[in-house]
Amino acid sequence: MTAAEPTVLADLRGDLRLRTNLFWSLYGVWYRHFRVYTKTLLANATPPLLEPLFFFTAVAIGLGNYVQPGGFEGLSYRTFVASGLVISSAMFTAIFETTFGTFVRLVFQKTYDAMLSTHLRVPEIFIGEMLFAATKGAVFSTVVLLVTMAFGARPTAWCVLVPVVGLLTSYLFAAIGLIVTSYVKMINNFSFFTTGVITPLFFFSGTFFPIKGHYVWLDVLSNALPLTHPIEISRALFEAHFTPATLAHVAVLFAYIAVCHTLALRRMTKRVLS
Amino acid sequence: MEDLAAHSAPLIVARGLTKQFGELKAVDGVDLDIAPNECVGFLGPNGAGKTTLMRLVFSAIAKTAGELTVFGLTPMQQRKQINAHVGVVFQDNNLDEELNAAECLLVHALYCGLDHRTARRRIAALLDWLSLTAKADSRIRALSGGMVRRLMIARALLNSPKLLILDEPTTGLDPQVRHAIWAALRDLKRQGMTILLTTHYMDEAQQLSDRILIMDRGRIILSGPPNDLVEAHLERYVLQVSGLPAVPRLDGDIRHEHAGDADYFYANTEPPLQALHERLAAKYAILRHANLEDVFLKFTGRGLNE
């Protein structure tokens with residue numbers, strides 16, 4: 001360590017061409033999360049993938065035997081539930097990534113300090129993070145789709161677009177997770193959010209039963225919930241049944257993404273730079 | 001940006017720089033000029049504002065008032081242009097513990113904007129320079145404190161910075177590792193690196209710094225080359241005694257200070273202190289040159305001021 005090699009010294013002095021463009025910045029952040037996540041892939045991915053499959057087994061296969069024989073909305077009950085679970089699994093993976101995951105990186109691991117000591121800007125850091133969550137969401141949607149198909153779900157060929165809906169859904173919920181995290185001071189605070197927000201989202205967005213036409217208040221609530229819209233899109237793909245309402249769901253999903261994306265970046269900038 | 005190191009204008013300029021957290025003025029009206037290739041050591045008690053000052057320089061926080069330029073550019077507004085040429089070694093090690101040493105450097109190299117090929121070349125060179133090549137594939141958790149610290153330094157150099165910021169680089173490390181790190185830092189300085197350093201170790205500050213700034217309560221209270229500081233503010237010798245029952249009568253050339261259970265007797269020549277030493281016959285007494293630590297304690301107070 002005393003006498004360094006001349007080549008090393010020259011290299012340390014040397015001028016490097018740095019890629020400081022947006023694409024490379026997002027890639028750098030994405031790559032970090034990808035590398036860390038896949039380092040312990042089995043431990044990271046197994047539980048969140050098993051959970052939707054437990055729901056599928058218990059509800060679609062088990063309880064499904066007692067559901068009206070024709071299923072709902074022209075889909076068998078297994079297919080109906082599968083069309084919701086492919087999307088809710090994307091939501092869960094994204095929301096955990098940017099609540100508990102982001103909080104641990106922010107407060108305990110100080111990952112963002114390291115990122116912020118480079119040229120990276122706060123929005124680049126968190127767009128990169130949401131893109132990673134979106135990647136995970138797309139993969140989870142695909143895996144849940146394939147497994148539920150193996151267990152009797154029968155979607156139409158349009159389901160090849162499900163990963164895209166999964167990607168958009170997880171980007172949205174990654175943004176929502178960041179907004180929540182920006183307010184959280186202690187990690188225990190998240191339990192209010194998971195129990196008070198995520199669980200009702202999961203049950204009242206039409207994953208397990210058609211929401212429409214039972215109670216007016218439930219219709220209103222469900223239409224306001226962000227998860228309802230991607231599930232409706234997924235269901236349209238599953239049954240190849242597209243209506244003007246489908247287009248409206250797409251529009252609402254993008255509107256949600258635009259608003260939450262903007263808010264997430266604004267809030268995280270404030271949180272990280274203070 | 002090509003001739004950053006070449007021009008002789010100050011690399012960092014601060015005028016009345018202030019950072020306030022609520023009521024607390026963490027940095028309070030600091031004036032600062034850091035020349036290229038200078039190594040400046042920031043000393044000060046915990047909470048003096050050293051780390052906050054560093055964080056202002058690399059745009060991790062926004063100033064409340066005053067002026068600050070780095071490379072002639074404005075932090076926050078021009079963070080991309082500034083931080084492309086800055087490397088930071090944080091007080092807390094924040095490497096990704098899931099990854100191995102080489103992977104940790106790779107992800108950081110990508111943040112910096114290196115392509116994979118250049119990253120691999122620089123990682124190999126830096127690991128070699130810091131004697132870490134054998135540990136390239138080791139998980140962070142499996143590394144010793146000294147290795148992790150060297151890895152933090154390697155990480156800060158990936159982008160070939162013009163300015164290196166080190167926040168307590170050798171706190172908690174054994175003497176061998178500290179000397180190895182100092183040697184590496186002197187190496188960098190010889191190559192033209194500008195270094196800002198915060199430390200609680202007087203020997204570290206003295207070993208590395210051209211200039212020392214002592215901070216207290218957000219202000220710079222003293223500044224100068226390490227040896228000049230001692231000469232300018234203290235007598236040359238000090239007799240330090242602990243557990244003295246009563247202070248003896250002193251002749252005119254000896255100055256006395258009392259703090260805690262210790263008494264300090266200062267003089268510009270050795271004989272009067274030697275005589276005092278023998279006269280006291282105290283068990284815990286040491287006669288030595290006055291050093292930076294005495295200056296530091298004189299100006300920041302000998303009691304705990306937390």
Side-chain angles (χ1 to χ4, degrees), chain A residues 1-41 43-44 104-122 124-125 128 269-270 272-274, chain B residues 1-2 5 21 55 58-62 76 79-90 92-100 103 106-115 118 121-122 125-126 128-131 150 155-160 165 180-181 183-184 187-188 190-193:
Chain A
M1 194 137 131
T2 43
E5 292 172 27
T7 52
V8 177
L9 296 184
D11 194 44
L12 291 174
R13 253 196 317 269
D15 271 319
L16 294 172
R17 265 190 312 129
L18 301 178
R19 301 174 174 180
T20 55
N21 62 67
L22 176 67
F23 171 77
W24 200 259
S25 300
L26 297 181
Y27 169 68
V29 176
W30 184 92
Y31 184 85
R32 182 265 169 204
H33 294 316
F34 173 76
R35 219 37 207 264
V36 169
Y37 186 77
T38 51
K39 194 81 184 179
T40 46
L41 183 62
N44 281 331
V104 167
R105 287 189 284 273
L106 181 67
V107 176
F108 300 114
Q109 299 181 334
K110 306 206 183 294
T111 311
Y112 304 119
D113 280 356
M115 293 183 181
L116 283 168
S117 71
T118 70
H119 69 87
L120 293 177
R121 295 167 57 245
V122 182
E124 292 169 334
I125 291 171
T269 303
K270 202 170 166 203
V272 170
L273 294 181
S274 67
Chain B
M1 294 292 284
E2 295 78 39
F21 295 107
R55 289 173 72 82
F58 65 91
S59 303
I61 43 171
M76 297 315 277
R79 71 166 298 142
K80 244 185 197 317
Q81 294 92 312
I82 294 173
N83 283 9
H85 300 281
V86 175
V88 182
V89 177
F90 291 92
D92 300 322
N93 296 321
N94 58 354
L95 298 159
D96 290 307
E97 297 217 336
E98 298 87 345
L99 304 179
N100 67 35
E103 288 167 337
L106 174 62
V107 297
H108 197 86
L110 295 180
Y111 303 159
C112 292
L114 274 65
D115 60 80
T118 313
R121 177 172 60 80
R122 285 194 65 76
L126 284 164
D128 181 52
W129 180 60
L130 289 163
S131 314
R150 269 139 67 204
R155 187 177 78 171
L157 296 170
L158 283 165
N159 60 333
S160 192
I165 295 175
I181 287 179
D187 221 348
L188 291 173
R190 271 196 298 277
Q191 293 169 62
M193 185 74 80

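Chain letters run A, B, ... following the sequence lines, proteins first and then strands; every chain starts at 1. The figures here come from the full heavy-atom set of this structure, side chains too, leaving out hydrogens, waters and symmetry mates.
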Colleague: Does any heavy atom of chain A fall under 4.5 Å from the side chain of B:Asn93, the backbone, both, or neither of them?
Modeller: neither
Colleague: Quick one, A:Leu116 and B:Arg79 - any side-chain contact, counting heavy atoms below 4.5 Å?
Modeller: yes
Colleague: Please find the pair of heavy atoms, one from A:His119 and one from A:Glu124, that lie closest to each other, and give the distance.
Modeller: O-OE1, 4.4 Å
Colleague: Answer with side chain, backbone, both or neither: which region of B:Phe90 has an atom nearer than 4.5 Å to a non-hydrogen atom of chain A?
Modeller: side chain
Colleague: Which atoms of A:Phe108 come close to chain B, meaning under 4.5 Å heavy atom to heavy atom: side chain ones, backbone ones, both, or neither?
Modeller: neither
Colleague: Please report the closest heavy-atom contact between B:Phe58 and B:Asn83, naming both atoms and the distance.
Modeller: O-ND2, 3.0 Å
Colleague: Between B:Leu158 and chain A, with a heavy-atom cut-off of 4.5 Å, which part of the residue counts as in contact: side chain, backbone, both or neither?
Modeller: backbone
Colleague: How close do B:Met76 and A:Leu273 get, heavy atom to heavy atom, and via which atoms?
Modeller: CE-CD1, 3.4 Å
Colleague: Can you tell which part of A:Ser25 gets under 4.5 Å to a heavy atom of chain B, answering side chain, backbone, both or neither?
Modeller: side chain
Colleague: Is it the backbone or the side chain of B:Ala60 that comes under 4.5 Å from a heavy atom of chain A, or both, or neither?
Modeller: backbone
Colleague: Tell me whether the rings of A:Tyr27 and A:Trp30 are parallel (<30°), tilted (30 to 60°) or perpendicular (>60°).
Modeller: parallel
Colleague: Please report the shortest heavy-atom distance between B:Ala84 and A:Leu18, naming the atom on each side.
Modeller: O-CD1, 3.5 Å
Colleague: Count the heavy-atom pairs under 4.5 Å between each of B:Asp92, B:Ile61, B:Asp96 and chain A, then report the option with the highest count.
Modeller: B:Asp96
Colleague: May I ask you to decide if the ring planes of A:Tyr31 and A:Phe34 are parallel, tilted or perpendicular, using 30° and 60° as cut-offs?
Modeller: tilted
Colleague: Quick check on the interface: out of A:Arg35, A:Arg19, A:Arg105, who has the most heavy-atom pairs with chain B under 4.5 Å?
Modeller: A:Arg19
Colleague: Taking every non-hydrogen pair under 4.5 Å, which of B:Leu95, B:Val86, B:Val107 racks up the most with chain A?
Modeller: B:Val107
